[in-house]
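Working notes, structure below.
Every chain is numbered from 1 and lettered A, B, ... according to where its sequence line falls, protein lines coming before strand lines.
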Amino acid sequence: MQQQKVRVRFAPSPTGGLHLGGVRTVLFNYLFAKQHNGEFVLRIEDTDQTRYVPGAEEYIIECLSWCGLIADEGPHVGGPYAPYRQSERKAQYRQYAEQLVKDGYAYYAFDTPEELEQMREKLKTAENPSPQYNHAARVQMRNSLSLSAEETAVLLEKGTPHVVRIKMPLNEEVGFTDMIRGHVQFNTGTVDDKVLLKADGMPTYHLAVVVDDYLMKITHAFRGEEWLPSAPVHLLLWKYLGWEAQMPQWAHLPLILKPDGFGKLSKRDGDRLGFPVYAMDWTDPKSGLTSGGFRERGFLPEAFVNVLAMLGWNDGTGQEIFSIQELIERFSLERVHKAGAKFDYEKAKWFNHQYLLMTDNNRLAALLESVLKEKGVNAAPEYVATIVGLVKERCNLVNEIWDHAFFFFQQPETYDVAAVKPKWNADKTQFFRDWASVLETLSDFSLATLEESFKQLATSMNIKVGELQLPFRIMLCGGKFGPPVFNIAEVLGKHETIARIMKGLDAINA
RNA sequence: GCCGCGUUGGUCAAUCGGCUAAGACGCCUCCCUUUCACGGAGGAAUGACGGGUUCGACUCCCGUACGCGGUACCA
């Protein structure tokens, strides 16, 4: 068979914020596609009208854009297989459902939600807490299998609300080779007659995913492990529709688990433990409540992507920092873990720290712009970049930069005098007065000159240099923090440094 | 209940029958530094359990336990 062009898809339903697990699914799709020179498709699975949330689709697209995981086709850019929103493809699904009924692989079911509920109540036992609509139950329900052809025809003609359900074989083994898990097998008798087409004419996920993957010529399908149990339904559908030869290869990705406990990581866990779960801030239009995102928390997108890549995959060498290019080159499904991975926020911050260190200071300065504006600071971008370069090694998040750099933009308002008082004396006051005068005369206010004159004067006055550095720091910053003192002074400049020495002296001697 | 998937330090994890079981995060100690970091040197900490197979099992097989996922006209 001729080698087909690799085509993968990410198919979220627009119901809310984009979970980090979702982004990882996108990432693996993307890496696989790019590695094979293939195409990455974004398809919106909005078949559940009751769960539709306005704005969610745009939000998802923006998340992908922020992460740099751009889809080649999708509702936002179009493409040869448009439309990419399932709601807009509604008319297409019915014919396939009808075809399945005609071929005896599916049937009409007229049961109302109440009747379904009754059936489940009636059949529920201690051993079987969730009865299925299966081969045993279907004969007792109202459907085109239990009803006569005439009765069915009448109901249909009257426009009775109905769904189409797949007719699961009583006892057949269906299996497939998962690219991550190897051979997986199921017995059809344990799977229920899933609804394929809903009463409102919309397909369920089961029908839609098969039809669209076929129509869109998807060659490899990645999805979360939670989909594994419904794989037999999809397998059978590919077969019944006569498309078996075109069926994509499947890969069921391991789940991302909560840091404590063992369950799937949820938004609630993030709220509870104090870290974001969504890629970007998401505000629910109904409740107005905002859930935090990695972007707003101060993560760099490359770092975020890198973190996600390492959750369930590694290249075997021990390398942990990968550019997206490297990921594209090295990614392999064989090295994707089978077991779920607990999310470790501390490690995520460490990744971001690594990226902060290697990211260009001008870019970081630009990221800081909004914060500066908010603080009422007006500073030249180059100045901000210099400062960022000085403080970033002690930050994990972009948002922490201000906390480590504010004193560059404003004089201290309070001083940690307690830190200097114990060893303070008149000699030291004199030292700083004298040094300030020396500074006045300096034509070159560089790091080396500053340090040199400081040490020279200290030595001549017989004061230990070490005992003067902390007071100097307090004068410049207000507290025991910040980059090396002389670096701060150099950046602050002659005028400001002298002013702060004087003001600081007053505070200490007050 | 049933079906499926999984199980190496606190966490991410390497190992594809030879292990004195890498590495990273976090934690601890020390060095550097009279702030905090960065950097450097150390340290504590791991194969769920029981049977096989094998000269040899973390690695292969079978059970058990535990966890997770699914069991919707949700995806």
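Here the separation of rA44(B) from rA24(B), taken at their P atoms, is 15 Å to the nearest Å. Comparing the P positions of rC55(B) and rG50(B) gives an interatomic distance of 23 Å, to the nearest angstrom. For the C1' atoms, the distance from rA48(B) to rU8(B) is 11 Å, rounded to whole Å. The gap from the P atom of rC61(B) to that of rC68(B) amounts to 25 Å, rounded to the nearest Å. Spacing between rG9(B) and rC58(B) at atom P, rounded to whole Å, works out to 15 Å. A gap of 44 Å separates the C1' atoms of rG67(B) and rC31(B), to the nearest Å. For the C1' atoms, the distance linking rA22(B) with rA13(B) amounts to 10 Å, nearest Å. Taking the P atom of each, rG69(B) and rC12(B) are spaced 16 Å apart, rounded to whole Å.
Judged by the 6.0 Å distance and 45° axis criteria, R330(A) is not positioned over the aromatic ring of F322(A). Within the cation-pi definition used here (under 6.0 Å to the ring centroid, within 45° of the axis), R24(A) qualifies as a partner of F28(A). Both the sub-6.0 Å distance and the 45° axial angle are satisfied by K342(A) relative to the ring of F262(A).
Distance CG (N352(A)) to C1' (rC25(B)): 14 Å, rounded to an integer number of Å. F481(A) places its CZ atom 14 Å from the P atom of rU35(B), with the value rounded to the nearest Å. Rounded to whole angstrom, the span from the CD atom of E393(A) across to the P atom of rU35(B) amounts to 14 Å. A straight line from CZ of F472(A) to P of rU35(B) spans 15 Å, rounded to a whole angstrom. Rounding to whole angstrom units, NZ of residue K342(A) and C1' of rG26(B) are separated by 14 Å. Whole-Å rounding puts the L356(A) CG to rC36(B) P distance at 21 Å. K347(A) has its NZ atom 14 Å from the C1' atom of rC27(B), to the nearest Å. To the nearest angstrom, C1' of rU34(B) lies 14 Å from CH2 of W424(A).
H404(A) comes within contact range of no nucleotide atom at all, as no heavy-atom separation falls under 4.0 Å. At a threshold of 4.0 angstrom between heavy atoms, the contacts of E467(A) include nucleobase atoms, whether or not backbone atoms are also involved. Nucleic acid contact for P483(A): base, since at least one base atom lies under 4.0 Å from a heavy atom of the residue. The residue G224(A) sits apart from the nucleic acid: no heavy atom pair falls under 4.0 Å.
Proximity of a side-chain donor or acceptor of R500(A) to a complementary backbone N or O of L476(A) within less than 3.5 Å is detected. In terms of modelled atom types and a separation under 3.5 Å, the side chain of R142(A) and the main chain of F110(A) share a donor-acceptor contact.
Counting heavy atoms of neighbouring residues, nucleotides and ligands inside a 6.0 Å radius, atom NZ of K503(A) exceeds 12 of them.
Nucleotide rG67(B) forms a pair with rC5(B), judged by Watson-Crick or G-U wobble geometry with both contacts under 3.5 Å. When both distances must be under 3.5 Å, the Watson-Crick or G-U wobble mate of rU15(B) does not exist. With a cut-off of 3.5 Å on both pairing distances, rU34(B) has no Watson-Crick or G-U wobble partner at all. The nucleotide rG47(B) finds no pairing partner, because no Watson-Crick or G-U wobble arrangement with both distances shorter than 3.5 Å includes it. Across all strands shown, the partner of rU29(B) is rA41(B), judged by Watson-Crick or G-U wobble contacts whose two distances both fall under 3.5 Å. Across all strands shown, rU59(B) forms no Watson-Crick or G-U wobble pair with both key distances under 3.5 Å.
In the set rU35(B), rA13(B), rG1(B), the nucleotide with an atom closest to the side chain of A341(A) is rA13(B). Across rG26(B), rG4(B), rU35(B), the shortest atom-to-atom separation from the side chain of V184(A) is found for rG4(B).
Closest of all the heavy-atom pairs between F343(A) and L311(A) is CD1-CD2, 3.7 Å.
Side chain R181(A) to base rC5(B): no donor-acceptor pair is found below 3.5 Å.
Considering V101(A), D192(A), L196(A) as possible partners of I166(A), the one that fulfils the side-chain contact (heavy atoms from CB on, under 4.5 Å) test is L196(A). A side-chain contact (heavy atoms from CB on, under 4.5 Å) with P12(A) is found for exactly one of V26(A), T25(A), L42(A), namely L42(A).
Remark: aromatic rings of Y240(A) and Y96(A) are distant, center separation not under 6.0 Å.
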(request) Sugar-phosphate means primed atoms, P, OP1 and OP2; the rest is base. With that split, encode nucleotides 62-75 of chain B 5' to 3' as B, S or - using protein heavy atoms under 4.0 Å. (result) -----SSBSBSBBB
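Look at N314(A) and you won't find any side-chain N or O under 4.0 angstrom from OP1 or OP2 of rC12(B). A sub-4.0 Å separation between OP1 or OP2 of rG39(B) and a side-chain N or O of R394(A) is absent.
Between L357(A) and L311(A), it is L311(A) whose nearest contact on RNA chain B lies nearer the 5' terminus. Nearest-nucleotide assignment on RNA chain B puts the 5′-proximal partner with A339(A), out of A339(A) and L470(A).
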